[in-house]
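A short write-up of the structure that comes next.
To find a chain, count down the sequence lines: A is the first, B the second, and so on, and within it residues start at 1.
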Amino acid sequence: MSVDYHSDQIFYRYKKIEELIKQGVEPYGEKYEVTHYSQDIHTKFTGLEGKTVSIAGRIMTKRGHGKASFAHIQDSRGKIQVYIRQDSVGEENYNFFQELDIGDIIGVTGEVFKTRTGEITINIFSFRLLSKSLRPLPEKWHGLKDVELRYRQRYIDLIVNPEVRNVFIIRSKFIQSIREFLAKEDFLEVETPVMHSVAGGATARPFITHHNALDLDLYLRIATELHLKRLIVGGMERVFELGRIFRNEGISTNHNPEFTSVEIYQANADYEDMMKLTEELVASVAQKVLGTLKIDYQGRELDLSLPWPRKDLIEVIKEITGVDFSSINDDAEARKTALAHGLEIEGNEKKGEIILTFFEKFCEDRLWGPVFVKDYPVEVSPLARRCRHNPQFTYRFETFMAGKEVANAFTELIDPLDQRERFEQQVKKRIAGNEEAHMMDEDFLTALEYGMPPTGGLGIGIDRIIMILTNSPSIRDVILFPTMKPK
RNA sequence: GGGCCAUUAGCUCAGUUGGCAGAGCACCUGACUUUUAAUCAGGGUGUCCCAGGUUCGAAUCCUGGAUGGCUCACCA
């Protein structure tokens with residue numbers, strides 16, 4: 001048997017397993033019939049006092065007092081104290097219980113009572129070892145703090161740090177509530193390919209994989225956008241997809257290579273409708289999951305009460321930097337302004353690109369929000385419809401909360417001729433070396449050529465909103481297994 | 001990819017000027033029949049992240065590397 005007992009503690013526990021087997025005790029048992037969760041016993045104590053209950057969970061603490069012992073058992077809902085005494089289970093069983101270790105999973109049956117110090121407790125009269133733990137758990141008082149271990153061995157983090165479990169419960173409820181909200185609004189959840197022959201719908205570098213039988217390189221999707229719009233062409237007037245997307249870029253407290261988005265498309269709608277949908281969806285789901293619209297994020301309040309303000313991108317830049325791009329008329333002048341503000345430029349940027357850079361560098365992280373920033377330059381919005389009053393801009397907005405971009409939406413570009421021109425502009429950038437620029441997607445253009453109804457589209461970054469709702473400083477705190485280099 | 005910081009017992013952390021490797025919890029031996037971070041008596045269990053170097057002597061100083069965190073760049 002190959003057991004890594006590099007420490008004495010693992011060695012002792014391994015010896016215990018051998019001893020158990022010798023005594024005919026199964027160290028890895030079958031299921032235990034449970035009647036309650038630990039939480040039930042606390043919340044329904046009045047009705048349960050004196051009754052017999054069965055629970056199963058992991059031993060988290062142990063306090064032996066000679067011929068009686070206390071322990072805490074943790075299940076998915078919390079912890080409950082158990083009490084066992086030799087004169088109620090017999091000497092043999094009692095000695096066996098004493099041999100159990102912190103970390104072992106056991107099932108217990110006993111009577112609910114309250115100790116003299118007032119703690120709700122189960123007085124055990126029978127129990128069974130369900131799973132022997134060979135490795136010692138981190139310390140009970142300080143828990144597991146080493147962030148590397150917390151991410152690499154999230155299961156330990158979940159066992160010993162209850163607040164971590166809570167983050168992921170909120171995450172699950174949040175996602176479930178989004179589904180419920182959209183279903184109620186008649187949106188249909190769909191699943192589109194994760195492997196794409198053209199990676200489109202966003203400005204990002206894709207991961208590449210390979211299909212052996214077809215001898216074909218494929219990209220992992222960087223967005224769900226273009227397939228969902230094909231479905232709008234197909235007459236599915238309200239669709240959404242909630243799922244993982246992949247971008248082959250840097251890792252930071254706000255970026256993980258794989259992350260979760262929900263993209264929502266609604267025919268006969270525009271970006272004004274998407275703003276309403278965004279604020280209603282986020283606010284109602286936050287209210288449901290957290291019970292409040294006033295959120296504390298890293299010591300500062302974020303108020304999600306409706307309506308959220310709408311601001312023009314150009315106005316936001318003017319307010320924060322003093323630069324008025326509405327009076328800057330050509331690319332050269334825009335570049336000069338960028339240089340004057342210390343931005344590094346290559347010399348061939350378009351005005352629209354400079355505007356976006358200005359916004360990202362000087363404004364984004366100062367938008368506590370929630371706020372909708374709207375009307376983005378056409379050069380940086382190749383899938384959005386041009387504004388009627390100014391074709392240099394598009395009906396696109398991004399939503400900011402706590403200085404983070406959490407949503408991106410447009411009145412969709414449905415004109416196949418304009419779309420082709422936009423793709424061609426992107427392809428030029430690709431050829432010039434910009435690996436994030438969009439690829440030409442002929443198949444998508446063909447779909448548009450059949451006619452796509454006027455549509456509003458919206459993408460929401462689930463992880464970032466969950467960061468905010470759970471007051472988490474890093475995206476890795478809301479992803480169960482964040483991307484790590486192998487050790 | 002750049003900069004800064006971290007890595008010492010299973011976990012959380014000390015470690016002074018370069019001079020025997022430390023504490024708490026956990027663990028081991030024993031006592032204890034309502035404890036609450038149970039208590040009491042005894043026990044240190046270690047590849048000081050790795051590889052070189054300087055030195056009589058390195059956890060400590062130097063060089064290179066690994067992993068992680070923060071940050072900048074890139075992005076959402």
*asked:* Set out, in order, the CA-CA distance, both residues' side-chain angles and the distance that settles side chain to side chain donor-acceptor pair (under 3.5 Å) for Arg171(A) and Thr260(A), then state yes or no.
replied: CA-CA 11 Å; Arg171(A) 181 178 177 120; Thr260(A) 301; 3.2 Å; yes
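- Across A26(B) and C40(B), the matching P atoms stand 12 Å from one another, rounded to whole Å.
- Each side chain to side chain donor-acceptor pair (under 3.5 Å) pair with one or both residues in residues 354-363 of chain A, not counting sequence neighbours, would appear here, but there are none.
- Ring geometry, Phe359(A) versus Phe400(A): the interplanar angle exceeds 60°, so the pair is classed perpendicular (tilted spans 30 to 60°).
- Shown here, U17(B) forms no base pair; nothing in the strands shown gives a Watson-Crick or G-U wobble contact with both key distances under 3.5 Å.
- In terms of polar N and O atoms assigned as donor or acceptor, the side chain of Glu119(A) never comes within less than 3.5 Å of the base of U34(B) in a complementary pairing.
- Identified under the side chain to side chain donor-acceptor pair (under 3.5 Å) test for residues 37-52 of chain A, with sequence neighbours left out: Ser38(A)-Asp75(A).
- Across all strands shown, G53(B) is found opposite C61(B) as a Watson-Crick or G-U wobble partner, with both distances under 3.5 Å.
- The base-pairing partner of A26(B), taking Watson-Crick or G-U wobble contacts with both distances under 3.5 Å, is U45(B).
- Look at the C1' atom in both C72(B) and U17(B): the space between them is 37 Å, to the nearest Å.
- Nearest-nucleotide mapping onto RNA chain B: of Ile251(A) and Ala202(A), the residue sitting toward the 5' end is Ile251(A).
- Pairs engaging residues 155-166 of chain A under the side chain to side chain donor-acceptor pair (under 3.5 Å) rule: Arg150(A)-Asp157(A), Gln153(A)-Tyr155(A), Arg154(A)-Asp157(A), Asp157(A)-Asn161(A) [sequence neighbours left out].
- Note on Arg63(A): every side-chain N or O is 4.0 Å or more away from OP1 and OP2 of U35(B).
- Between the NZ atom of Lys62(A) and the C1' atom of C27(B) there is a distance of 12 Å, given to the nearest Å.
- Taking the side-chain contact (heavy atoms from CB on, under 4.5 Å) definition, one finds that Ser54(A) meets it with Tyr32(A), Thr35(A), Thr109(A), sequence neighbours left out.
- Remark: G1(B) base-pairs with C72(B). Criterion, Watson-Crick or G-U wobble with two distances under 3.5 Å.
- What separates CZ of Phe70(A) from P of C32(B) is a distance of 17 Å, to the nearest Å.
- Less than 4.0 Å separates RNA chain B from no heavy atom of any residue of residues 396-404 of chain A.
- Atoms CD (Glu360(A)) and C1' (A73(B)) sit 13 Å apart, rounded to a whole Å.
- Within residues 138-147 of chain A, the residues that have a heavy atom under 4.0 Å from RNA chain B are, in order of number, Pro138(A), Glu139(A), Lys140(A), Trp141(A), His142(A), Gly143(A), Leu144(A), Lys145(A), Asp146(A), Val147(A).
- Residues that satisfy the side-chain contact (heavy atoms from CB on, under 4.5 Å) test with Glu92(A), not counting sequence neighbours, are absent from this structure.
- Once the 5.5 Å centre distance and the 30° plane angle are applied, the aromatic ring of Phe259(A) is found stacked with the base of A76(B).
- Taking the C1' atom of each, G68(B) and C32(B) are spaced 45 Å apart, rounded to whole Å.
- Residues passing the side-chain contact (heavy atoms from CB on, under 4.5 Å) test with Ala409(A), sequence neighbours excluded: Met274(A), Phe397(A), Leu458(A).
- Put simply, the side chain of Gln9(A) and the base of A26(B) share a donor and an acceptor less than 3.5 Å apart.
- Figure legend. A66(B) is base-paired to U7(B); pairs are counted as Watson-Crick or G-U wobble with both atom distances under 3.5 Å.
- Distance noted for atom C1' between A6(B) and C48(B): 14 Å (whole Å).
- Nucleotides U8(B) and A21(B) place their C1' atoms 9 Å apart, quoted to the nearest Å.
- The shortest distance between side-chain heavy atoms of Val380(A) and Ile355(A) does not fall below 4.5 Å.
- Across A73(B) and G15(B), the matching P atoms stand 35 Å from one another, rounded to whole Å.
- With P as the reference atom, U54(B) and U12(B) are 36 Å apart, rounded to whole Å.
- For the C1' atom pair drawn from G46(B) and A9(B), the interatomic distance equals 6 Å after rounding to whole Å.
- Phosphate proximity of G68(B) to Arg152(A): present, with a side-chain N or O under 4.0 Å from OP1 or OP2.
- Under the rule for a side-chain contact (heavy atoms from CB on, under 4.5 Å), the partners of Ser252(A) that lie at least two apart in sequence or sit in another chain are Asn254(A), His255(A).
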